[in-house]
Amino acid sequence: MISHGKNVKVFCANANRPFAEGVCRKLWLQMGDCTVNTFADGEVSVTINESVRGSDVFLVQPTCKPVNNNLMELLIMIDACKRASAGRITAVIPYFGYARQDRKAKGRDPISAKLVANMIEAAGADRVLTMDLHAAQIQGFFDIPVDNLLGNPVFVRYYMSKFEHPEEMVVVSPDVGSVSRSRTFANKMGMSLAIVDKRRERANQCEVMNVIGDVHGKKCILFDDMVDTAGSLCNAAKAIVEIGGATEVYACASHGVLSGPALERIENSCIKELTLLNTIPAPENLPSKVNYIDVSPVFADAIQRIYEENSMSVLF
């Protein structure tokens, strides 16, 4: 890495240490020395065991489950580095939790994504680096620079090498909210686009209503930003097979939240393969049809560009 007068240091807490280690390997850096524990009552305790004065500090911590604990670890690490006179602090958040609450969908709803953005700024972060925010407008919730990396270039390379004739396949958006990102992915793949129209009865449950677009007799790729309980994904896969007449269904998403019955649903679904990025640690006892792609090199490249103050546009 080219030095511009400041040391660069990468630290991580407990959310996804293997990911942070992958970033450091790509950058040829040693992981920063810090201790992140809890007191007996559950309070987070952070100690930075080396000097960060004047350094360009990158704190790698996705806010995945346990979400609140991991968020507090990130905030307290930011505060510790700020009070230790770090030159610049970048919060590297591969998966940004609370992003689904980005607006008031009904009366008296919170906008939790804005609250979390305020907390990160108040803690002392100078910049945020993340990937595939659930809603792109969350970048505007911050008054500091936000680099929102995209996972679709990784999936484009993966499927281009996997299928001999990808242009004969169809990208399917599992809901109307994912149409924009699915269209971008479809354009890069040279595929047509279909949409699953659904009605959500309550949180984490949905009823599939219709398939918009021609998927009959074709292989399909369901494209989304996250898989939580996998209800939407599995219902969408079932719809494009039973209603649309698709022959095979593949699925991909940037963030494998995989809560509750997700793994069982995926295992019993008609999805042939689900591909995720390792922004969130993989759970144990994964079904054979679930595989992960390592995106720590993408974040390492982004960190190097931020440190060297080079353009990030090539990563998009």
Side-chain angles (χ1 to χ4, degrees), residues 1-17 19-24 26-37 43-64 67-99 113-131 133 138-149 279 296 298-312 315:
M1 300 183 70
I2 299 173
S3 173
H4 54 57
K6 292 183 179 179
N7 294 323
V8 59
K9 298 193 176 185
V10 178
F11 295 89
C12 77
N14 297 319
N16 196 351
R17 188 173 182 87
F19 181 90
E21 290 172 346
V23 169
C24 288
K26 180 67 175 178
L27 293 172
W28 295 90
L29 290 175
Q30 184 174 353
M31 180 78 72
D33 184 11
C34 70
T35 305
V36 182
N37 290 320
E43 290 182 5
V44 175
S45 169
V46 172
T47 304
I48 307 296
N49 298 319
E50 61 183 84
S51 174
V52 295
R53 184 174 297 273
S55 298
D56 205 350
V57 175
F58 295 85
L59 305 177
V60 182
Q61 176 83 336
T63 51
C64 51
V67 179
N68 298 330
N69 195 68
N70 286 334
L71 177 58
M72 285 305 302
E73 288 183 359
L74 173 63
L75 296 175
I76 295 172
M77 286 186 71
I78 293 171
D79 185 74
C81 291
K82 178 183 178 182
R83 295 178 188 279
S85 301
R88 179 173 62 176
I89 302 170
T90 301
V92 181
I93 313 173
Y95 167 69
F96 186 88
Y98 285 107
K114 172 59 175 171
L115 173 62
V116 172
N118 288 343
M119 292 166 68
I120 291 171
E121 285 190 50
D126 299 298
R127 192 181 194 99
V128 171
L129 174 63
T130 186
M131 175 171 275
L133 287 168
I138 292 174
Q139 296 172 81
F141 292 179
F142 290 86
D143 291 324
I144 56 176
V146 177
D147 294 303
N148 182 33
L149 300 176
T279 56
S296 61
V298 178
F299 277 84
D301 195 359
I303 287 172
Q304 181 157 352
R305 289 178 178 277
I306 291 171
Y307 174 66
E308 296 175 351
E309 299 181 355
N310 289 331
S311 172
M312 298 280 284
L315 299 179

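Every heavy atom of this structure was used, including side-chain atoms; hydrogens, water molecules and symmetry mates were not. Quick note: residue numbers are just sequence positions, from 1. Just so it is clear, the model here is predicted, and its values are computed rather than measured.
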Carefully, step by step, assess Asp301 and Leu315 under the rule side chain to side chain contact (heavy atoms under 4.5 Å, CB included). CA-CA 8 Å; Asp301 195 359; Leu315 299 179; 3.4 Å; yes

Test side chain to side chain contact (heavy atoms under 4.5 Å, CB included) on Asn69 and Met72 and set out the steps. CA-CA 5 Å; Asn69 195 68; Met72 285 305 302; 5.6 Å; no

Met31 vs Glu21, side chain to side chain contact (heavy atoms under 4.5 Å, CB included): CA-CA, chis, key distance, verdict: CA-CA 7 Å; Met31 180 78 72; Glu21 290 172 346; 3.8 Å; yes

Which is it for Leu71 and Val116 under the side chain to side chain contact (heavy atoms under 4.5 Å, CB included) test, yes or no, and what are the steps along the way? CA-CA 9 Å; Leu71 177 58; Val116 172; 4.1 Å; yes

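For the pair Ala125 and Ile144, the tightest heavy-atom approach, listed with the atom from each and the gap, is O-CD1, 3.6 Å. A pairwise comparison of heavy atoms in Thr279 and Asn16 identifies O-ND2, 3.5 Å as the closest pair. The two atoms that bring Cys12 and Arg17 nearest to each other are SG-NH1, 3.3 Å, heavy atoms only. Residues Lys82 and Ile89 come closest through the heavy atom pair N-CD1, 3.4 Å. For the pair Asp33 and Glu50, the tightest heavy-atom approach, listed with the atom from each and the gap, is N-OE1, 2.7 Å. Looking at every heavy atom in both residues, Gly87 comes nearest to Asp126 through O-OD2, 4.4 Å.
The local environment of NZ in Lys26 is sparse, with at most 12 non-hydrogen atoms from other residues, nucleotides or ligands closer than 6.0 Å.
A heavy-atom distance below 4.5 Å is not found between the side chains of Phe11 and Val60. Met312 is listed as a side-chain neighbour of Ile306, based on a closest heavy-atom distance under 4.5 Å. For the pair Cys81/Ile48, a side-chain contact is recorded, criterion being any heavy-atom separation below 4.5 Å from C-beta on.
Atom OG1 of Thr47 sits about 8.0 Å away from atom CG of Asn37, to the nearest 0.5 Å. We find the OH-CZ distance between Tyr95 and Phe19 to be 14.5 Å, quoted to the nearest 0.5 Å. For the atom pair CE of Met119 and CG of Leu74, the computed distance is 9.5 Å after rounding to the nearest 0.5 Å.
You'll find the ring centres of Phe58 and Tyr307 outside the 6.0 Å limit.
Checking each of Arg305, Arg127, Gln139 against Asp147 for a side chain to side chain donor-acceptor pair (under 3.5 Å) leaves exactly one that passes, namely Arg127.
Under a 4.0 Å N-O distance rule, the pair Arg88/Asp56 qualifies as a salt bridge.
At a cut-off of 3.5 Å, with distance as the only test, a side-chain donor of Asn68 or Tyr98 sits close to an acceptor on the other residue.
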